Amino acid sequence: MAPRRTQQVGAGPSTEQSYIYKVVLLGSTAVGKSSIAFRYVKNDFREFMPTMGCSFFTQLVCLETATIKLQIWDTAGQEKYHSVCHLYYKEANAALLVYDIARKGTFARAKLWLRELEKEFLPDELVIVLVGNKTDLAAQREVTFEEAEEFAKSKSLIYMETSAKSNHQVTEVFMAIGKFQVRSRCTGNSTREMLRSVPALGQTKGPSSPVSCLLTVATARCPRGNEQNR
Ligand SMILES: Nc1nc2c(ncn2[C@@H]2O[C@H](COP(=O)(O)OP(=O)(O)OP(=O)(O)O)[C@@H](O)[C@H]2O)c(=O)[nH]1
C-alpha cells in the first residue's frame with residue numbers, strides 16, 4: 001500500500017512527478033539527529049547544536065522518475081520535549097529512528113519510539129528507517145550491526161548506519177526514503193513488501209543488502225551539488 005498522505009505537487013521539469021514527503025527524526029538526546037539533518041542539508045558538521053522543540057529543513061531529492069521535496073522535521077530528544085513530539089510526527093510519511101551505536105541505551109529508546117509509532121500509524125502507512133549513527137566511533141561500539149539489522153528485519157524496518165561526522169551514508173538514508181516512497185507509489189507495494197521480496201539478501205550487509213539492492217533500481221539523476229535547498 002502506498003503512503004496515504006503524500007502531497008502530489010504536479011509534474012516536474014519534464015514528464016516527472018513531484019511529491020512532498022514529511023520526514024521526522026526521532027531518538028534520544030545527543031544521538032546525532034540534528035547533525036544528520038545538518039550534514040544532509042548543509043553538508044557540514046558542528047560539535048554542538050542542541051535542539052529545542054523542533055527544527056525544520058527542506059531538501060529536494062531528484063530521482064530518475066520523480067522529484068521529491070523532503071520536509072525534514074528534527075525533534076529534540078531531551079525528555080522534557082517528549083510530550084510535544086507527537087505533534088511533529090503527525091502526518092509524517094517517513095521516520096528516522098536514530099540511535100548512537102556507542103550507547104546501547106539509545107537503541108533501547110529507539111525501540112520504545114517504534115512502539116509509539118506503531119500505536120499512531122498503520123503498518124504500511126509510514127516508512128521507518130532505523131539509523132545507527134556515529135559509525136566513526138567503531139572502537140566504542142555497543143550495538144552490533146547484526147543485532148540492529150536483525151531487530152529491523154523482525155519489524156520490517158529499513159536499517160542503515162551513518163556517521164554525520166565523517167559523512168558516511170547520510171545522503172543515502174534520505175535517498176532511500178525517497179526511492180522507497182516513489183517505488184511504493186509506482187508498484188503499489190509497501191516498504192514491507194519490498195523488503196520481503198529480497199529475503200535471500202537479508203543476511204548480508206554492504207552492497208548486497210536488501211536496502212542497497214533496492215536503491216540501485218532507481219538511480220539518482222542529480223549530483224549532490226545540484227540538489228536545491230529551499
Ligand atoms: N563522533 C560523532 N559525534 C557525533 C555524530 N553525530 C553527532 N555527533 C555529536 O553528538 C552530539 C549530539 O549531536 P546532535 O546532533 O545535537 O544530537 P541530537 O540527537 O540532535 O540531540 P538533541 O537535540 O538533544 O535531541 C554533538 O556533540 C555532535 O557533535 C557522529 O556521527 N559521530
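When a ligand or atom number is given, it counts from 1 through the structure's own listing order. None of these values were measured; they are calculated from a predicted model.
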Discussion item. Is there a polar contact, in the sense of an N or O pair closer than 3.5 Å, between V31 and ligand 1?
Written reply: yes
Discussion item. Please work out, at 4.0 Å between heavy atoms, whether the side chain, the backbone, both, or neither of D136 comes within that distance of ligand 1.
Written reply: side chain
Worksheet entry | Heteroatom distance test (A164, ligand 1): nitrogen or oxygen, under 3.5 angstrom | yes
Discussion item. Does any N or O of ligand 1 fall below 3.5 Å from an N or O anywhere on D74, backbone included?
Written reply: no
Discussion item. At less than 4.0 angstrom from any non-hydrogen atom of L137, what atoms of ligand 1 do you find?
Written reply: 1 (N)
Worksheet item: So, for F57 and F38, is the gap between ring centers shorter than 6.0 Å?
Response: no
Worksheet item: What part of S28, side chain, backbone, both or neither, has a heavy atom within less than 4.0 angstrom of ligand 1?
Response: backbone
Discussion item. Could you work out, with salt bridge (Lys or Arg N to Asp or Glu O under 4.0 Å) as the rule, every residue matching R109, not counting sequence neighbours?
Written reply: none
Item to complete: For the pair K22 (side chain) and K90 (backbone), establish whether a donor and an acceptor sit closer than 3.5 Å, ignoring hydrogens and angles.
Response: yes
Fill in: Co-membership, hydrophobic cluster, residues L137 and I36, 4.5 Å side-chain
no
Discussion item. Give the atom numbers and elements of ligand 1 that come within less than 4.0 Å of a heavy atom of R46.
Written reply: 29 (O)
Worksheet item: Is it the side chain (CB and beyond), the backbone, both or neither of S35 that lies under 4.0 Å from ligand 1, heavy atoms counted?
Response: both
Fill in: Side chain, backbone, both or neither: T162 near ligand 1, heavy atoms under 4.0 Å
neither
Response to the item:
At under 4.0 Å between heavy atoms, what of V98 touches ligand 1? The answer is neither
Response to the item:
For A76, the ligand 1 atoms with a heavy-atom partner under 4.0 Å come out as 25 (O)
Worksheet entry | Which of the ligand 1 atoms, numbered from 1, are nearer than 4.0 Å to a heavy atom of A30 | 10 (O), 12 (C), 17 (O), 18 (P), 19 (O), 21 (O), 22 (P), 24 (O)
Practice prompt. Measure F45 to ligand 1 on non-hydrogen atoms and call it side chain, backbone, both or neither using the 4.0 Å cut-off.
Written response: side chain
Item to complete: Please name the pair of heavy atoms, one in V24 and one in A92, separated by the smallest distance, quoted to 0.1 Å.
Response: CG1-CB, 4.1 Å
Discussion item. Can you confirm whether the side chains of D74 and S34 place a donor and an acceptor under 3.5 Å from each other?
Written reply: yes
Item to complete: Can you sort out which atoms of ligand 1 are near S163, meaning under 4.0 Å from one of its heavy atoms?
Response: 31 (O)
